[in-house]
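Accompanying notes for the structure given below.
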2 protein chains.
Amino acid sequence: MRARLAEAGLRATRQRLVILESLLHLPGHPTAEQVHRRVVGQEPSLSLGTVYKALDSFVAAGLTRRVASTEGSCRRYDADCSAHHHLFCTDTQEIIDFHDPQLDTLIQEFFAVRGLQGFQAQSFSLHITGNKLAGDEPRK
Amino acid sequence: MRARLAEAGLRATRQRLVILESLLHLPGHPTAEQVHRRVVGQEPSLSLGTVYKALDSFVAAGLTRRVASTEGSCRRYDADCSAHHHLFCTDTQEIIDFHDPQLDTLIQEFFAVRGLQGFQAQSFSLHITGNKLAGDEPRK
DNA sequence: GTGATTGCAAAATCTTTGCAGGGAC
DNA sequence: GTCCCTGCAAAGATTTTGCAATCAC
């Protein structure tokens, strides 16, 4: 934890440690508000403003990403910076991670052959919209 | 224009006609604010609140979509409801439409074979992050 | 010690709401 | 005529900012 922050060139404050830890444990790509709610349990004086600043610094340092979402009215964060895709559940508003190296390869090969005129692609992320089926957990 | 609104079950007010027309003509998936700026040229008394209400009603009626974006602080709208993908330019923040039926087929076939445990997929949209190359327009 | 980080409160953004008057059908 | 829609202004929600005190290194 402490090492991750050091690698990213960020000072390991008590607050950042708790925030990063919370972000890693909260499911479904939390908002700043959700991170704050979890974090005040351990650090009651930790302010929401600090959560915003810490999350911004994580994103700037490449420790964390912002997740694209269609609800727009609040930002969501993802501690997983590896290449992956997202399942958007229209019922619960959850955003579920979906890793599939075979799919990554398929997409990369497609664009290697076909190319994009006038655009240099850096990364791909597939947004799959649908809904969770009762009783069965989507694979992570 | 008027017919589109009627089909969607919405009353064709002067304001909605101008808003829908603007949305179709503005490039790069505008925000409510951007739509409003264009629209006041034709209808100076048209308020920003009305733009929000109209865009919401378009989305509810399936005439328009909200675009997922990672900047979170404002909503962006897309008048194109057909299946398509998006190029996200990290330099200009533009979101460019990208249609490719072959890619659609590729993705659909991939999931037809493999399936998603516990999730019923309805639609797919690929987010391609990268940057525009100087002097060359990405295909739309 | 030095410079980055925190906490707080105020401000800035973006979006929604309530309601009276007006307009589409 | 009826009910939906608009305009306005106020409220709500989310995010940013400024600055003095504090903490990591």
Side-chain angles (χ1 to χ4, degrees), chain A residues 1-23 29-37 39-61 63-64 66-77 93, chain B residues 1-23 29-37 39-61 63-64 66-77 93:
Chain A
M1 205 85 284
R2 202 171 273 278
R4 283 216 203 192
L5 288 171
E7 266 174 60
L10 297 172
R11 292 193 176 177
T13 63
R14 213 164 7 95
Q15 292 86 342
R16 283 181 176 169
L17 288 167
V18 185
I19 291 167
L20 183 53
E21 209 260 335
S22 289
L23 190 59
H29 307 86
T31 64
E33 184 65 44
Q34 290 171 323
V35 171
H36 183 243
R37 265 204 294 280
V39 130
V40 284
Q42 274 180 69
E43 286 282 342
S45 71
L46 208 167
S47 71
L48 182 57
T50 297
V51 173
Y52 275 107
K53 286 174 189 168
L55 291 173
D56 278 356
S57 69
F58 294 173
V59 171
L63 260 186
T64 297
R66 282 217 275 261
V67 177
S69 102
T70 168
E71 295 139 63
S73 292
C74 59
R75 294 190 172 168
R76 288 163 153 241
Y77 295 87
Q93 308 282 54
Chain B
M1 203 88 285
R2 202 170 273 279
R4 283 215 202 191
L5 289 170
E7 266 174 58
L10 298 171
R11 290 193 178 175
T13 63
R14 211 161 12 93
Q15 292 86 341
R16 283 180 175 168
L17 288 167
V18 185
I19 292 168
L20 183 53
E21 209 260 334
S22 289
L23 190 58
H29 308 85
T31 64
E33 184 65 43
Q34 290 171 324
V35 171
H36 183 243
R37 265 204 292 280
V39 130
V40 284
Q42 274 181 70
E43 286 282 342
S45 70
L46 208 167
S47 70
L48 181 58
T50 297
V51 173
Y52 275 107
K53 286 174 189 167
L55 290 174
D56 278 355
S57 70
F58 293 173
V59 171
L63 259 187
T64 297
R66 282 217 274 263
V67 177
S69 105
T70 168
E71 296 139 63
S73 291
C74 59
R75 294 191 172 167
R76 287 165 153 238
Y77 295 86
Q93 309 282 55

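We name chains A, B, ... by the order of the sequence lines, and we start the count at 1 in each one.
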Please report the distance, rounded to the nearest Å, between [atom1] in [X] and [atom2] in [N].
X: L55(A); N: dT16(D); atom1: CG; atom2: P; answer: 10 Å
X: E33(B); N: dT15(C); atom1: CD; atom2: C1'; answer: 11 Å
X: R76(A); N: dA13(D); atom1: CZ; atom2: C1'; answer: 16 Å
X: Y52(A); N: dG7(C); atom1: OH; atom2: P; answer: 16 Å
X: H36(A); N: dT6(C); atom1: NE2; atom2: P; answer: 13 Å
X: K53(B); N: dG7(D); atom1: NZ; atom2: P; answer: 9 Å
X: D56(A); N: dT14(D); atom1: CG; atom2: P; answer: 16 Å

Quiz item: In degrees rounded to 10°, what angle is found between the helical axes fit to the five outermost pairs at each end of the helix from dG1(C)-dC25(D) to dC25(C)-dG1(D)?
Solution: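 Rounded value for the end-axis angle: 50°.
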
Practice problem: Starting at CE of M1(B), measure out to CG of L20(B) and round the result to the nearest 0.5 Å. | Solution: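 Output value for this atom pair is 4.0 Å.
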
Quiz item: Going from OH on Y77(B) to CG on L55(B), what distance comes out if it is rounded to the nearest 0.5 angstrom?
Solution: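 Between atom OH of Y77(B) and atom CG of L55(B) there are 5.0 Å.
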
Exercise. In sequence, state the C-alpha distance, the side-chain angles, and the governing distance for D56(B) and R66(B), and then conclude on side chain to side chain contact (heavy atoms under 4.5 Å, CB included).
Key: CA-CA 9 Å; D56(B) 278 355; R66(B) 282 217 274 263; 3.8 Å; yes

Could you pull out every donor-acceptor pair under 3.5 Å between side chains of residues 44-53 of chain B and any protein atom, sequence neighbours left out?
residue : atom : partner : partner atom : Å
S47(B)  : OG   : T50(B)  : N            : 3.3
S47(B)  : OG   : T50(B)  : OG1          : 3.1

Quiz item: R76(A) side chain to V67(A) main-chain N or O, any donor-acceptor pair under 3.5 Å?
Solution: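 Between the backbone of V67(A) and the side chain of R76(A) there is no qualifying donor-acceptor contact (under 3.5 Å).
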
Exercise. Output yes when a side-chain donor or acceptor of Q42(B) lies under 3.5 Å from a complementary backbone atom of V39(B), and no otherwise.
Key: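 No, the answer is negative, given that no donor and acceptor are paired below the 3.5 Å cut-off.
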
Exercise. Give, ordered by number, those residues of residues 5-22 of chain B having at least one heavy-atom distance below 4.0 Å to an atom of DNA chain C; if nothing qualifies, reply none.
Key: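 Going residue by residue through residues 5-22 of chain B, the ones with a heavy atom under 4.0 Å of DNA chain C turn out to be R11(B), A12(B).
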
Quiz item: Would you say dT13(C) has OP1 or OP2 under 4.0 Å from some side-chain N or O of R75(B)?
Solution: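 The answer is no; no side-chain N or O of R75(B) sits under 4.0 Å from OP1 or OP2.
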
Practice problem: Considering non-hydrogen atoms only, spot the tightest contact between S22(B) and V35(B) and give its length. | Solution: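 Closest approach of S22(B) to V35(B), heavy atoms only: CB-CG1, 4.4 Å.
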
Exercise. List the atom of A54(A), the atom of I19(A), and the distance in Å for their closest heavy-atom pair.
Key: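 Distance-wise, the nearest heavy atoms are CB-CD1, 3.6 Å.
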
Output side-chain donor-acceptor pairs under 3.5 Å for residues 7-16 of chain A, partner residues at least two apart or in another chain, one line each.
residue : atom : partner : partner atom : Å
T13(A)  : OG1  : R16(A)  : N            : 3.1
R14(A)  : NH1  : E43(A)  : OE1          : 2.7
R14(A)  : NH1  : E43(A)  : OE2          : 3.2
R16(A)  : NH1  : R11(A)  : O            : 3.2

Self-check item: Listed partners of H29(A) passing ring-ring contact (aromatic ring centres under 6.0 Å, His included), at least two apart
Solution: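 Counting only residues at least two positions away or on another chain, H29(A) forms a ring-ring contact (aromatic ring centres under 6.0 Å, His included) with H86(A).
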
Self-check item: DNA chain D contacts among residues 39-50 of chain A, heavy-atom distance under 4.0 Å
Solution: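 Here the set is empty: none.
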
Quiz item: For R37(B), what residues pass the salt bridge (Lys or Arg N to Asp or Glu O under 4.0 Å) criterion, not counting sequence neighbours?
Solution: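 By the salt bridge (Lys or Arg N to Asp or Glu O under 4.0 Å) rule, R37(B) matches E33(B).
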
